[in-house]
Amino acid sequence: MPELPEVEVLVRHLAPLLKNKTIRAVNVRRAKVLLPTSPHQLRRALTGAKFTGVSRRGKFLLFTLRQPQRRESLLLLGHLGMTGRIYLQPANAALPKHAAVVLNLGRQDFIYEDQRYFGRLTLATANLARLGPEPLAAEFTVERFSQALKRSVQPIKVKLLDQSLVAGVGNIYASEALFRAGISPRRSARRLKPEQVRRLWRAVRRVLAEAIACGSTIPLNHGAAVGRDRLFYFGRAANAVDYYAERLRVYDRDGEPCVRCGAAIKRITQAARSTFYCPHCQRQ
DNA sequence: CACCATGTTCCTTG
DNA sequence: CCAAGGAACATGGT
């Protein structure tokens, strides 16, 4: 499910639901997702702790908690990997097949599930330090972006996925931003002209902000039975949420006409991942 | 059987 | 130290 916009929408959804909820019990069903934290460490840290806030950094979810008898707040880090999901459900409901961690909050369970187990729910926060600037914050300046691009000979599409360049852009929005900026995904990062760097910088911000705005309008609190599998699914498979998929101009549109010029959208492989672009609108 | 999938880390090489 | 490339992780859909 997750690139920055989807994580942001999830954070906004979860924050009011979790605020002031106390964790009564911690059930670790897949220890791998905690690493390097151990199940014992997690249980000891979280049992009895109360959620005080939920925020985001790049694609990471940041849960802050207050432990009983302690002054310092505790930081729990979440990352959804490719297929992770977090939601609340009634405490007596059946657990999903790939539930990795379940936090009992009383009448509700906080479910962290991940079909492929690429994600994390951990007390280890070291990886945050490697992240680049937040694209929607003032720290993400065109100068800083430009300087970082000059040090790379990688194709710009591949470089956009580097979380130390800018935090939160993933495979979908990298293609979308390049389309909006009219830049070829194959172009070497250091060879972008200043005008292109500026256009791309703006396109990254715009594409992410629009996706957040769109995601924020989708009602997220539909019941688990209806919404769980649809929430944040944004491929274009049969059960995709059209409302969301329609917003993507090039991603997964191989062979379809470009919305701007009508040329057929192309799919190529870069760094073992799919890139979609318009060969006419994105020639340089 | 093949290939594909919203992501990151680890290892190697230069 | 840094940049870059590739395998690995694990499960499921087509």
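Values reported hereafter were calculated over all heavy atoms of this structure, with side chains retained and with hydrogens, waters and symmetry mates removed. Keep in mind the model is a prediction, meaning the values are calculated, not measured. To find a chain, count down the sequence lines: A is the first, B the second, and so on, and within it residues start at 1.
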Within the structure provided, determine whether A:Ser184 and A:Arg283 are in side-chain contact (heavy-atom separation under 4.5 Å).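 Not touching, per the 4.5 Å side-chain cut-off.
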
How about A:Ser188 and A:Ile156: do any of their side-chain heavy atoms sit closer than 4.5 Å? no

Would you kindly give the [atom1]-to-[atom2] distance between [X] and [N], to the nearest whole Å?
X	N	atom1	atom2	result
A:Gln163	C:dA4	CD	P	15 Å
A:Gln270	B:dG7	CD	C1'	17 Å
A:Arg85	B:dG7	CZ	C1'	16 Å
A:Lys97	C:dT11	NZ	P	9 Å
A:Leu128	B:dT8	CG	C1'	13 Å
A:Leu121	B:dT8	CG	C1'	16 Å
A:Asp252	C:dT14	CG	C1'	13 Å

Face-to-face contact A:Phe118 to B:dG7 six-ring, under 5.5 Å, under 30°: yes

Steps toward side-chain contact (heavy atoms from CB on, under 4.5 Å) verdict (A:Thr122, A:Leu42): CA-CA 8 Å; A:Thr122 182; A:Leu42 193 78; over 6 Å; no

Sticking with atom [atom1], work out how far [N] lies from [M], rounded to a whole angstrom.
N	M	atom1	result
C:dA10	B:dC11	P	15 Å
C:dG12	B:dT9	P	24 Å
C:dA3	B:dT6	P	25 Å

Test side chain to side chain donor-acceptor pair (under 3.5 Å) applied to A:Thr52 - qualifying residues, sequence neighbours left out: A:Thr64

What nitrogen or oxygen pairs link the protein and nucleotides 3-5 of chain B at under 3.5 Å?
| unit_1 | atom_1 | unit_2 | atom_2 | d |
| --- | --- | --- | --- | --- |
| B:dA5 | OP1 | A:Ser274 | OG | 2.1 |
| B:dA5 | N3 | A:Arg116 | NH1 | 3.1 |

Distance test, side-chain N/O of A:His79 to OP1/OP2 of B:dT8, below 4.0 Å: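 Answer is yes, contact under 4.0 Å.
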
Is any side-chain N or O of A:Lys59 closer than 4.0 Å to OP1 or OP2 of B:dG7? yes

Run through DNA chain C and report every stem of 3 or more consecutive Watson-Crick or G-U pairs, distances under 3.5 Å, ordered by first number.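 The stems that DNA chain C takes part in, listed by first number, are B:2-5 with C:11-14, B:7-14 with C:2-9.
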
Can you sort out the partners of A:Ala15 under side-chain contact (heavy atoms from CB on, under 4.5 Å), two or more places apart, ordered by chain and number? A:Val54

Are A:Phe179 and A:Tyr277 an aromatic pair, judged by ring center distance below 6.0 Å?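 When the ring centroids of A:Tyr277 and A:Phe179 are compared, they turn out to be at least 6.0 Å apart.
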
Can you establish whether the number of heavy atoms outside A:Gln284 located under 6.0 Å from its atom CD is more than 12?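 No, because the 6.0 Å sphere around CD of A:Gln284 holds 12 heavy atoms or fewer from other groups.
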
Would one find more than 12 heavy atoms of other residues, nucleotides or ligands at under 6.0 Å from atom CZ of A:Arg70? no

Suppose the criterion is salt bridge (charged side-chain N to carboxylate O under 4.0 Å, His left out): which pairs have a residue in [range], not counting sequence neighbours?
range	answer
residues 203-215 of chain A	A:Arg180-A:Glu210, A:Arg206-A:Glu210, A:Glu210-A:Arg247
residues 16-43 of chain A	none
residues 115-141 of chain A	A:Arg56-A:Glu134, A:Arg57-A:Glu134
residues 150-160 of chain A	A:Lys159-A:Asp162

Report all interatomic pairs (protein N or O, nucleotide N or O of nucleotides 9-12 of chain B) with separations under 3.5 Å.
| unit_1 | atom_1 | unit_2 | atom_2 | d |
| --- | --- | --- | --- | --- |
| B:dT9 | OP1 | A:Asn127 | ND2 | 2.7 |

Side chains of A:Ser175 and A:Thr275: is there a donor and an acceptor less than 3.5 Å apart? no

After noting the C-alpha distance and the side-chain angles of A:Gln196 and A:Ile183, does the key distance pass the side-chain contact (heavy atoms from CB on, under 4.5 Å) rule? CA-CA 7 Å; A:Gln196 291 180 304; A:Ile183 295 167; 3.8 Å; yes

Heavy atoms under 4.0 Å, any strand shown: does A:Arg190 hit a base, just sugar-phosphate, or nothing?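 Contact class for A:Arg190: none.
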
Classify A:Tyr117 by what it touches in the nucleic acid, base, sugar-phosphate, or nothing, heavy-atom distance under 4.0 Å. sugar-phosphate

Looking at every non-hydrogen atom in both residues, tell me the closest pair between A:Ala189 and A:Ser152 and how far apart they are. CB-O, 3.6 Å

Please work out which residues in residues 31-40 of chain A have a non-hydrogen atom less than 4.0 Å from an atom of DNA chain B and list them by number. none

DNA chain C contacts among residues 144-160 of chain A, heavy-atom distance under 4.0 Å: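 DNA chain C contact set from residues 144-160 of chain A: A:Arg151, A:Ser152, A:Val153, A:Gln154, A:Lys159.
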
For A:Arg190, salt bridge (charged side-chain N to carboxylate O under 4.0 Å, His left out) partners two or more places apart: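 Per chain and number, A:Arg190 pairs via salt bridge (charged side-chain N to carboxylate O under 4.0 Å, His left out) with no residue.
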
